[in-house]
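Below is one structure; the comments refer to it alone.
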Amino acid sequence: DLFGTGAIEVYQALDSGEPQKMMTSTGRFLHVQVSEIERDRAMLRGGRVLMFRDVSDVEKAQSEVRKNEQLMRTLIDHSVNGIVRFSWNENEDGDRDLRSVFANSAAARFLSADAEDLVDCTATQVIRHAISGMEDDDADDIIDRFTRAVENGKSLDIEVRQKAKGPARWLRVICEPVSDDYTATFVDVTDRKQKERQMESIATSDPLTGVLNRRGFERDAAKRLTESEDDATGALLFIDLNDFKGINDEFGHEVGDQLLKIAAERLRKSLRSCDIIGRPGGDEFVALVPDVDAEIADRLARRLTHALEEAYNVGSQRLVCSASIGLALYPENASTLTGLLREADQAMYRAKARSRGVTSISGDDLLEKAM
């Protein structure tokens, strides 16, 4: 049998006149087509011609394409990254909008929706899912940037912080044109962001006391002053532990380190959670106290003075280490961080000079205000 099991396709082609595809007993794919033979007027003859064309190579190539497409679809659907495909849709009025035609399971998870529900959403709706929980102004800005990118056929690559449901998550959102369509890829970069924050914390924190180091304090304090209202008030405290060097020399660095930790903790307890505390180095601390008037700043500084002159219990040692504090007001004494640090530092040294060699000085006498 030349045609093997494919003989039925030959008869179907003869009966219907429609092209058929068949496989021979040798495993080859043939395209079968029937053509009519015009009747000869003189001989009154006619008939049909069967034409067989070997399409095995074409069939094999198409099969590979189908397999590859299925593999690609499987890989995309099981990708750890969220993928949404958009296509242009034209309504009855001739207006076009960009709507989703495919969303994988990761996209549904990142956007807190079912994959089926994401299909046929507008691109703007999908992006709003991704930036849920953001402030309205920030969200509108991202939507505007996305819209401009689509209109100009450009790519958009941004990172957004989701905080609408569950733990906060960082997503990298990559939107880019693909032929006439558009695609959005969502990559979870939460772990990377956490590592970046950890590295930033290491770079800007004092490892001994846990407060900010000089770099971290200057960064956060300058940012706070820059973002404050024009009529904002505040204060800066410059603190120096008077007898720390002697204690450190007599009892050793381990005792000195413990004393510094206790002093930093007293700073945190005496000040407010919104105040910015730093340790520039050695036995010195600084604190920016925003949004307070002169009276409240003075009250906080006096409370801190009394807290720091209380005895320190380190191991078996009971140590006394009072602190001299300089107080500078914003904006009365200075309107910049550099100016406030200078004025508070000078005031602190005046308080320190007043207590030098005097054993009975304590309390309010350890506080000096900027001139």
Side-chain angles (χ1 to χ4, degrees), residues 194-195 197-224 234-290 292 297 299-328 337 340-341 344-345 347-349 351-352 355-356 359 361-368:
Q194 289 176 342
K195 291 177 182 177
R197 285 197 298 271
Q198 290 172 355
M199 294 300 294
E200 180 67 17
S201 177
I202 291 172
T204 58
S205 297
D206 174 36
L208 177 64
T209 63
V211 300
L212 295 169
N213 60 16
R214 181 187 297 274
R215 175 187 171 189
F217 176 80
E218 291 179 350
R219 179 201 63 185
D220 289 3
K223 183 174 184 291
R224 184 59 183 266
L236 190 137
L237 306 175
F238 208 114
I239 303 116
D240 181 272
L241 301 179
N242 292 328
D243 302 315
F244 177 78
K245 185 178 185 304
I247 292 172
N248 205 43
D249 292 342
E250 182 178 353
F251 298 99
H253 293 295
E254 289 187 6
V255 171
D257 287 348
Q258 291 302 314
L259 191 149
L260 288 171
K261 289 181 181 180
I262 297 172
E265 185 60 27
R266 290 180 182 179
L267 274 167
R268 279 189 283 259
K269 289 182 177 179
S270 299
L271 299 175
R272 307 166 304 170
S273 59
C274 63
D275 297 332
I276 302 170
I277 305 171
R279 180 187 170 214
D283 56 0
E284 293 181 338
F285 292 90
V286 287
L288 179 70
V289 185
V292 295
R299 191 184 311 149
L300 285 171
R302 292 179 188 279
R303 183 170 67 189
L304 181 58
T305 302
H306 291 283
L308 291 175
E309 70 175 342
E310 292 180 5
Y312 292 79
N313 294 311
V314 181
S316 61
Q317 304 295 330
R318 183 175 173 82
L319 307 170
V320 176
C321 185
S322 60
S324 297
I325 299 180
L327 170 64
L337 179 61
L340 286 170
L341 286 169
D345 182 45
M348 181 273 294
Y349 272 104
K352 197 174 185 70
S355 64
R356 190 173 291 117
T359 57
I361 193 168
S362 63
D364 296 349
D365 289 333
L366 293 168
L367 173 63
E368 180 73 18

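For this chain, numbers begin at 1 and follow the sequence in order.
Shortest non-hydrogen contact noted between Arg214 and Pro280 is NH2-CB, 3.5 Å. Here the shortest heavy-atom pairing between Gln258 and Val314 reads CB-CG1, 3.6 Å. In this structure, Ala347 and Leu327 approach most closely via the heavy-atom pair CB-N, 4.1 Å. Closest approach of Ala307 to Ser270, counting heavy atoms only: CB-OG, 3.4 Å. The heavy-atom pair separating Ala323 from Asn242 by the smallest distance is C-ND2, 3.7 Å. The two residues Ala297 and Ala235 come nearest to each other via the heavy atoms CB-CB, 3.6 Å.
Separation of atoms CG (Leu236) and CG (Asp345) is listed at 10.0 Å; rounding is to 0.5 Å. The OG atom of Ser322 lies 9.0 Å from the CG atom of Leu308; values are rounded to the nearest 0.5 Å. Rounding to the nearest 0.5 Å gives a distance of 12.5 Å between OG of Ser205 and CZ of Arg279. Rounding to the nearest 0.5 Å gives a distance of 9.5 Å between CD1 of Ile277 and CZ of Phe217. Note that CG of Asp283 is 6.0 Å distant from CZ of Phe244, once rounded to the nearest 0.5 Å. For the atom pair CD (Glu265) and CD1 (Ile262), the distance works out to 9.5 Å, reported to the nearest 0.5 Å.
The shortest side-chain heavy-atom distance between Leu319 and Phe251 falls under the 4.5 Å cut-off. Looking at heavy atoms from C-beta onward, Asn213 lies in side-chain contact with Thr204 at the 4.5 angstrom threshold. No side-chain heavy atom of Glu309 sits under 4.5 Å from any side-chain heavy atom of Val320.
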Run the side-chain contact (heavy atoms from CB on, under 4.5 Å) check on Met348 and Ile239 step by step: do they pass?
CA-CA 7 Å; Met348 181 273 294; Ile239 303 116; over 6 Å; no

Please lay out, stage by stage, how Arg219 and Glu200 fare under the test salt bridge (charged side-chain N to carboxylate O under 4.0 Å, His left out).
CA-CA 12 Å; Arg219 179 201 63 185; Glu200 180 67 17; 2.4 Å; yes

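Arg318 places no side-chain N or O within donor-acceptor distance of the main-chain N or O of Asn313, the cut-off being under 3.5 Å.
Geometrically, Arg266 does not engage Phe285 in a cation-pi contact defined by less than 6.0 Å to the ring centre and at most 45° from the axis.
For the pair Lys245 and Asp249, the salt-bridge criterion is met [side-chain N within less than 4.0 Å of a carboxylate O]. With salt bridges taken as basic N to acidic carboxylate O contacts below 4.0 Å, one links Asp275 and Arg272.
Enclosure of atom CD in Glu254 is not indicated, since only 12 or fewer non-hydrogen atoms of other residues, nucleotides or ligands lie within 6.0 angstrom. The number of heavy atoms from other shown groups lying within 6.0 Å of CZ (Arg197) is above 12.
A side-chain contact (heavy atoms from CB on, under 4.5 Å) with Leu260 is found for one member of Asp206, Leu241, Asn248, Val211 and no other, namely Leu241. Just one residue in the list Leu304, Val286, Leu288 forms a side-chain contact (heavy atoms from CB on, under 4.5 Å) with Leu237, and that residue is Leu304.
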